[in-house]
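First comes the structure, then the notes that go with it.
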Amino acid sequence: MQESPESLYLIKVGEIALKGENRSFFEAKLRQNIRRKLRGAAGGVSITGGNGRFLLRAPRGAEDEVRQVLSTTFGITSYSATLRTEKQIDEISRAARELAASLEPSLLAESFKVEARRSDKSFPLNSYQLASALGRLLLDEFPSLRVDVHGPRWILNVEIREKAFLYIDRGEGPGGLPVGCAGRGMLLLSGGIDSPVAGYLMAKRGLHLDAVYFHTYPYTSEQAEEKVKTLVGLLAPYLGGVNLLVVPFTPCQMRIRERAPAEETTLLMRACMMRIAEILAARRRAGSLVTGEALSQVASQTPESIRFTGSVTNLPVFRPLIGLDKEEIIAMARRIGTFETSILPYDDCCALFAPKHPLIRPDFERMRDSFRRLEAESLLLEAAEKAERSFYAAGS
Ligand code: ATP
Ligand code: MG
């Protein structure tokens, strides 16, 4: 086989493959997202294919970067470094030997099996014959190997398509749909455990997110802001790059404190955040808001509270954690790598200004009156105006 300066990866997708007429739209998004994230790879990459499978060509030496990108790109379910050969048995055999020889030596004393598939039925061997032939070949070449068809330690995959593709390696992608296929959204990101997970989940359904953080300096420290920035950096690979908007929220907070009874402060604060997020969303052409709310988790997340806080915006508000337990959210936060940062002990403004006895089942009309009495619209517009934007790239 020709030694090539490139590595090839076979990429498999999940839900995209189930799409009907508009599948090509999702496929084009995925190709675009991968290309964009690998823009920095020296020598450049190319990606071709569709129908559930893509072929990525990347320069040798970029393996770590490619793996990092493919394992964080929504739409991908798995990927494999692959060898491609002509559909001739001697070429295929040579590639099979080469792949096995490149394994960690200890794996050559373990169990394996060969899985063959052919979509090209004109290939002279059927799948079973091809798998047996390659299995025998590897047993001859590496006598410490043994076959186990039920629970093998590793699998040599062979696919006979327009060419022959062979791979052993299998990396997991995060699943979901390509970022951007559902348009843009605005994530309300605090420094807590929940909202980073909410952002991850909505990006997984195809939203291209910006994040907004409401900063109540000096009541919340610079460290609180740093923590949010760290979280944005951790999410950026999944979100395909993200703009963070930091909104100076102290004047709004003060207005609430002056004009509203203590038990209403948390709800009014949330409503102000929603409204500012909506103003920013309009500027960023985002068509939805995302929060980390979960039903009944705290007083501001009861059905009555959510009705009010959501009523100040006309945009749909996505709350992907609404039906999850805290334990389930924590498990996800650990998996995506945000948990350790989220639990760093910096006060958030909600905790600082939280009343001792918040309303649990607020009266809708009374809250709408209180919100009107704040006469805060120009304050909210000004806060949005003063938002500071910074961009976090998806790549390292
Ligand atoms: P989180 O863990 O995300 O902070 P939480 O369980 O602490 O959530 P709350 O503090 O009540 O819940 O906040 C509910 C939601 O409101 C958050 O998930 C987030 O989307 C939004 N939010 C709260 N505080 C802020 C803030 N300072 N900046 C941006 N969004 C915020
Ligand atoms: Mg919080």
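Note that ligands are numbered from 1 as they come in the structure, with each ligand's atoms numbered from 1 the same way. The first residue of the sequence shown is numbered 1, and numbering continues consecutively from there.
Proximity of a side-chain donor or acceptor of K227 to a complementary backbone N or O of S342 within less than 3.5 Å is detected. Within the 3.5 Å criterion, the main-chain N or O of R255 finds no donor-acceptor partner in the side chain of E258.
Using a 4.0 Å cut-off to heavy atoms of G192, the atoms of ligand 1 that qualify are 1 (P), 2 (O), 4 (O). Listed by number with element, the atoms of ligand 1 under 4.0 angstrom from any heavy atom of V212 are 29 (C). Set against the non-hydrogen atoms of T291, the atoms of ligand 1 under 4.0 Å away are 20 (O). When each atom of ligand 1 is checked for a heavy atom of M273 under 4.0 Å away, the hits are 24 (N), 25 (C), 26 (C), 27 (N), 31 (C). Taking every heavy atom of I193 and a limit of under 4.0 angstrom, the matching atoms of ligand 1 come to 2 (O).
Between L188 and ligand 1, at least one pair of N/O atoms sits closer than 3.5 Å. At a 3.5 angstrom cut-off on N or O pairs, V290 does not count as close to ligand 1. Checked by distance only, ligand 1 and S190 come closer than 3.5 Å through their nitrogen or oxygen atoms. Any N or O atom pair closer than 3.5 Å counts here, and F214 shares at least one such pair with ligand 1. Geometrically, ligand 1 and Y213 share no nitrogen or oxygen pair separated by less than 3.5 Å. On a distance-only criterion, G292 and ligand 1 share at least one N/O pair closer than 3.5 Å.
Of the listed options M269, E293, R270, R270 places a heavy atom closest to atom 23 (C) of ligand 1. For the residues Q297, M274, Q301, the heavy atom positioned nearest atom 12 (O) of ligand 1 is part of Q301.
The proximity of L189 to ligand 1, defined as any non-hydrogen pair under 4.0 Å, is limited to the backbone. If you look at H215 next to ligand 1, there are no close heavy atoms at all, none under 4.0 Å. When non-hydrogen atoms are compared, ligand 1 lies under 4.0 Å from neither the backbone nor the side chain of T266. Contacts with ligand 1 closer than 4.0 Å are made by side-chain heavy atoms of S300 only, the backbone lying farther away.
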**Asked** Do R184 and D210 pass the salt bridge (charged side-chain N to carboxylate O under 4.0 Å, His left out) test, and can you show the C-alpha distance, the side-chain angles, and the key distance before you say yes or no?
**Response** CA-CA 8 Å; R184 302 187 72 96; D210 285 333; 3.3 Å; yes
**Request:** Take V312 and E278, measure what side chain to side chain contact (heavy atoms under 4.5 Å, CB included) needs, and give me the verdict at the end.
**Result:** CA-CA 9 Å; V312 302; E278 179 182 52; over 6 Å; no
**Request:** Any chance you could lay out the ring pair (Phe, Tyr, Trp, His ring centres under 6.0 Å) test for Y200 and Y238, step after step, and finish with the verdict?
**Result:** CA-CA 7 Å; Y200 175 95; Y238 293 103; 4.9 Å; yes
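Closest approach of V179 to L239, counting heavy atoms only: CG1-O, 3.7 Å.
The pair E15-R205 counts as a salt bridge, with a side-chain nitrogen and a carboxylate oxygen less than 4.0 angstrom apart. Electrostatic pairing of D148 and R153 does not count as a salt bridge here, judged by no charged N lying under 4.0 Å from a carboxylate O. Using a 4.0 Å cut-off between a side-chain N of Lys or Arg and a carboxylate O of Asp or Glu, E115 and K113 qualify as a salt bridge.
With side-chain heavy atoms closer than 4.5 Å counting as contact, directly or through intermediates, the hydrophobic cluster containing I306 also holds L295, I322. Members clustered with V298: none, using a 4.5 Å side-chain heavy-atom cutoff among hydrophobic residues.
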